[in-house]
Trainee: 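This is the structure I want to talk about, given as structure tokens.
Sequential numbering from 1 along the given sequence is applied to the chain's residues.
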Amino acid sequence: MLKCSWLAERHRLVFWVTAGVPNGTDRVVGCQCKASMLEGASGGSTFIIATHFSLFQAIHHSIFFHFRMKGTRMAKWLSLLVFVVLLLKAEGVDVGLTYVQSAVPKGAVCLDGSPPAYHFDKGFGAGINNWIVHFEGGGWCNNASVCLDRRDTRLGSSKKMDQTASFSGYLSNKQKFNPDFYNWNRIKVRYCDGSSFTGDVEAVDPKTNLHYRGGRIFVAVIEDLLAKGMRNAQNAILSGCSAGGLTAILQCDRFRSLIPAGAKAKCISDAGYFINVKDVSGAQHIQEFYSQVVATHGSAKNLPASCTSRLSPGLCFFPENVVSQIRTPIFFVNAAYDSWQIKNILAPGVADPHGQWRDCKLDIKKCSSAQLSVMQGFRTNFLSALSGVGSTPARGKFIDGCYAHCQMGTQETWMRADSPVLAKTTIAKAVGDWYYERRPFHEIDCTYPCNPTCHNRIFDNNRSDD
């Protein structure tokens, strides 16, 4: 459970996330607290408070109030609400949206043809020439029908994107929350192509107006940032979460080639190490899905040639088949029981027609012993797929034994008193030590449920997983 340490444990607050699906998102959006569990509250009341991971985006999509209290009790609840929101905002900073208009003439556009966009919080002080380029996640679309559904959402059009994003955790501008990177130029690139920024199809179907141009967006964004000062970079990191974490793997060496040769460049993948395993029905669901993504978006030309020269392009979407050939230093943050992968690769809805895995996927504590055994097998397969990372100082890994997905962008899991730790080290400390070469970091956690510092996700029962 993600912990709300700023309220008493008896309040029993739990975090919940939007459903993670191959063509959707998987991110923390709120903190739910049932008033009937609180001291002195009447039963049946519920409120939801957005986290600082994306405060206003969460409010837009998810937040509602349902109070049944009156008088002074209502006033107390409103006071608590204001306190919590202010506390969360104190950990994050709101950053406006920038449209990359220069990308449009290059054909580097979102699914609907709109310009790509990013949020840019400028560096300061000693970090003025240091750059983080972080790519957003949000699944993939594997055919025209699915991409058409995606086209008119924030994951397919910059016209639908929220105008601000809250930066916290790894993107925080506060030293106490992000000591190694707080004063860097920090950019969050919005995801609107559905291919992990690898697609490039020239033709546009006039019936759908779908543009498959993710690979062009990647280059256009980097070129735009170079013109805005990254050409003077001394340090530079390419990173991303989930599908964006996959971008950081697949485009790592390309990033190195695009930025100044004198810059110290490294890559970090947060929850982007998706593995090729059979689902619980025995089908190769994710392998077929990825092959369809690559074919639909024309991604082969933008995948590492070291892989496509020996394997089919669809297989080169899997990190395990490209990681050993990456030349640029790279670090991996991942949960061994990655919640998105458990829900959508191991036990997708198509492989579980009777919903036997539903409760387990919502809350790992509700898994049966047989299901936990299957999940332990997934962990074994994950670690096997990870073996290509190796153990050189140029590589690094923080593989916790948690049921989680994307842990760098929220303060709770990046660096706080109750954050997950391996070898008594937070993710923030491990990543910082590795980047600045203070010490190497290669740690793999013990098996679930051995790590008491885990913030295991609990998913909303009213939302579909698949």
Side-chain angles (χ1 to χ4, degrees), residues 20-27 97-119 133-162 165 187-205 208-225 238-252 254-255 258 269 272 274 289-304 313-314 316-317:
V21 294
N23 60 337
T25 60
D26 188 7
R27 59 188 176 82
L97 189 67
T98 299
Y99 296 97
V100 189
Q101 298 292 352
S102 62
V104 177
K106 303 172 184 177
V109 293
C110 300
L111 285 173
D112 72 334
S114 60
Y118 56 69
H119 303 271
V133 186
H134 185 76
F135 283 78
E136 181 184 32
W140 309 268
C141 58
N142 62 323
N143 57 52
S145 177
V146 178
C147 291
L148 194 58
D149 288 340
R150 186 184 181 102
R151 184 194 65 185
D152 297 323
T153 73
R154 65 177 181 83
L155 292 171
S157 172
S158 60
K159 298 175 183 177
K160 303 293 184 178
M161 294 175 183
D162 292 330
I187 297 93
K188 179 179 180 179
V189 182
R190 299 301 298 269
Y191 186 30
C192 66
D193 70 279
S195 72
S196 284
F197 298 91
T198 62
D200 193 349
V201 176
E202 181 65 32
V204 177
D205 186 343
T208 62
N209 193 40
L210 285 170
H211 297 70
Y212 301 114
R213 305 285 178 77
R216 297 191 195 185
I217 292 175
F218 180 85
V219 175
V221 165
I222 300 303
E223 290 176 344
D224 187 71
L225 294 173
L238 170 67
S239 60
C241 151
S242 193
L246 181 59
T247 301
I249 298 170
L250 299 177
Q251 300 281 25
C252 185
R254 176 170 295 180
F255 177 72
L258 290 171
S269 171
F274 299 94
F289 181 83
Y290 272 1
S291 293
Q292 293 168 350
V293 171
V294 170
T296 296
H297 291 266
S299 298
K301 67 185 74 174
N302 289 318
L303 296 176
C316 296
F317 222 58

Trainee: Is any side-chain heavy atom of Leu111 closer than 4.5 Å to one of Tyr212?
Mentor: yes
Trainee: Please report the shortest heavy-atom distance between Val293 and Cys141, naming the atom on each side.
Mentor: CG2-O, 3.9 Å
Trainee: Which heavy-atom pair separates Ser242 from Gly137 by the least distance, and what is that distance?
Mentor: CB-CA, 4.3 Å
Trainee: Has the side chain of Thr198 got a donor or acceptor atom that lies under 3.5 Å from a matching backbone atom of Ser299?
Mentor: no
Trainee: As an exercise, state the distance from CE of Met161 to OH of Tyr118, rounded to the nearest 0.5 Å.
Mentor: 13.0 Å
Trainee: Got a donor-acceptor contact below 3.5 angstrom from the Ser114 side chain to the Ser157 backbone?
Mentor: no
Trainee: Are any side-chain N or O atoms of Lys301 and backbone N or O atoms of Asp200, one a donor and one an acceptor, separated by less than 3.5 Å?
Mentor: yes
Trainee: Can you give me the closest heavy-atom contact between Gly214 and Ser195, atom names plus distance?
Mentor: CA-OG, 4.1 Å
Trainee: Checking side chain to side chain contact (heavy atoms under 4.5 Å, CB included) between Phe197 and each of Val219, Asn302, Leu250, Thr247, which is the one that passes?
Mentor: Thr247
Trainee: Is it the case that Asn209 and Arg151 place a side-chain donor and acceptor less than 3.5 Å from each other?
Mentor: no
Trainee: If I take atom CZ from residue Arg190 and atom CG from residue Leu97, how far apart are they, to the nearest 0.5 angstrom?
Mentor: 6.5 Å
Trainee: Considering all heavy atoms of both residues, which atom of Cys252 and which atom of Ala248 are nearest to each other, and what is their separation?
Mentor: CB-O, 3.1 Å
Trainee: Please report the closest heavy-atom contact between Val109 and Arg213, naming both atoms and the distance.
Mentor: O-CB, 3.6 Å
Trainee: Hey, are Glu202 and Arg216 close enough for a salt bridge, meaning a charged N less than 4.0 Å from a carboxylate O?
Mentor: yes
Trainee: Which atoms form the tightest heavy-atom contact between Trp140 and Ser196, and what is the distance?
Mentor: NE1-OG, 2.8 Å
Trainee: With rounding to the nearest 0.5 Å, note down the distance linking CG in Leu155 to NZ in Lys160.
Mentor: 13.0 Å
Trainee: When rounded to the nearest 0.5 angstrom, what distance separates OH in Tyr191 from CD1 in Ile217?
Mentor: 10.0 Å
Trainee: Could you walk me through whether Phe274 and Phe317 pass the ring pair (Phe, Tyr, Trp, His ring centres under 6.0 Å) check?
Mentor: CA-CA 9 Å; Phe274 299 94; Phe317 222 58; 8.9 Å; no
Trainee: Measuring from Ile222:CD1 to Leu258:CG, what's the distance to the nearest 0.5 Å?
Mentor: 6.5 Å
Trainee: Mind checking whether Pro115 and Ser158 have side chains closer than 4.5 Å, heavy atoms only?
Mentor: yes
Trainee: Return the OG1 to CG distance between Thr153 and Asp112, rounded to the nearest 0.5 Å.
Mentor: 9.5 Å
